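First up is the structure itself, then whatever we jot down about it.
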Amino acid sequence: MPLTPETALEIDLQALAHNYRVIRSRLKEKTRLLGVVKAFAYGSEALAISKKLEDLGADYLAVAFSREGVLLREGGVRLPILVLHPQPGGLDEVIEHCLEPSLYSRNILSLFLKALKKHGQEEYPVHLKFNTGLNRLGFHKEDLPWIGGRLSASRAVEVRSLFSHLAASDDPKEADFTLGQIQAFEAIVRESDSHLGGKPFKHILNTSGVFNYPEAQLDMVRTGIGLYGYSNNPQTDRELRPVARLRTRISQIHNIEPGQWVGYNKGFLADSPLKTATLPIGHADGIGRQYGKGRGMVYLNGKAVPIIGNVCMDMTMVDVSGLECREGDEVIFFGEGHSAEVMALGAGTISYELLAGISRRVPRIILE
Ligand SMILES: *Cc1c(COP(=O)(O)O)cnc(C)c1O
């Protein structure tokens, strides 16, 4: 990698530390904080982020799939790692790397008990996931007697926590629905006492839950997007700092005559004299075609300039008419002061998709 690549995703660990402290300050002293680092830490750099979270005092980490947890273990991360969505083919590596699976169905629970037997493991830490209305993943309350029966038949596992996931904690219009989910989870927790041994801890909140339903923080919160600087709310976003900054440099500038087209399939027609800049980032880098045709803005010296025509695989054209600029000048896609959430909303999606979609072709630069 060149010392200063023209295109890079900068990862600011000081911004991460700031966000960690903001979120921590909203929790009671005893509430644990789990940092969600799935999908390369929301498209940033999972190992650097995880190690920083470890230094900052996070209690837990979570990934979606076992492979992601293995990479963290191989990189030296020692915090407990919850695997949110283990697959049957990944259960051996869960055990081999001391990862803690979420057990969410009868099938995955039975397969995991089998895997534990094969590895000769006992009292292995697991987490039980319950469905309270998202209808995506999780046991139902009615499964509790079955779970209790399966688990009490051996000493194979120790249930470390019970948890559920909110469907719309970011949406004030859905407060009744969210409170209903929280109550449904509390009912599961009460019922679980008579079926499960031990003293599992409980958790249901994601980032927006921490900001909007602090009374439901229970024993732990699972925060992802907030650590990366976004909270699904412009008000609370102001307290946070974006961790990732996507920048590049202008490759070429063109002066376009009225009546000329720009880009593939004549995606843009110049109706007046136009100055365009070609940027070396395209849909293969994670800036999808949904950002084309004026739906995405990028920033040149702080000024928003629209993406014109169709986004190409390796390039994007922007309209820089009337602006002082030269080939080699820096352009920001998102970062401090240029919200990825705003950019994402312009194209009908959310910050999560934009951030997590920045492809591995873009070099990551860690700012300590
Ligand atoms: C991704 C995920 C989270 C984190 O959600 P944020 O909105 O990013 O804070 C928490 N819990 C589960 C189960 C998840 O899948």
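Everything numeric in this text was worked out from a predicted model, so none of it was measured. No hydrogens, no waters, no symmetry mates; every other heavy atom, side chains included, goes into these values. First listed ligand is number 1; within each ligand, the first listed atom is number 1.
For D319, the side-chain hydrogen bond (donor to acceptor under 3.5 Å, both in side chains) partners are S321, not counting sequence neighbours. With sequence neighbours left out, the ring pair (Phe, Tyr, Trp, His ring centres under 6.0 Å) criterion links Y20 to no other residue.
By the 4.5 Å side-chain criterion applied to Ile, Leu, Val, Met, Phe, Trp and Tyr, I256 is assigned to a cluster that also includes V262, F268, L274, I308, M317.
Between the side chains of Y291 and N310, no donor-acceptor pair of N or O atoms lies under 3.5 Å.
Looking at D219 and K30, no side-chain N of the basic residue comes within less than 4.0 Å of a carboxylate O on the acidic one, giving no salt bridge.
Panel note: side chain E239, backbone T236; no donor-acceptor pair is recorded below 3.5 Å.
Pocket lining of ligand 1, defined as residues with a non-hydrogen atom under 4.0 Å away: V36, K38, Y42, L84, R136, H165, N206, T207, R222, T223, G224, I225, Y352.
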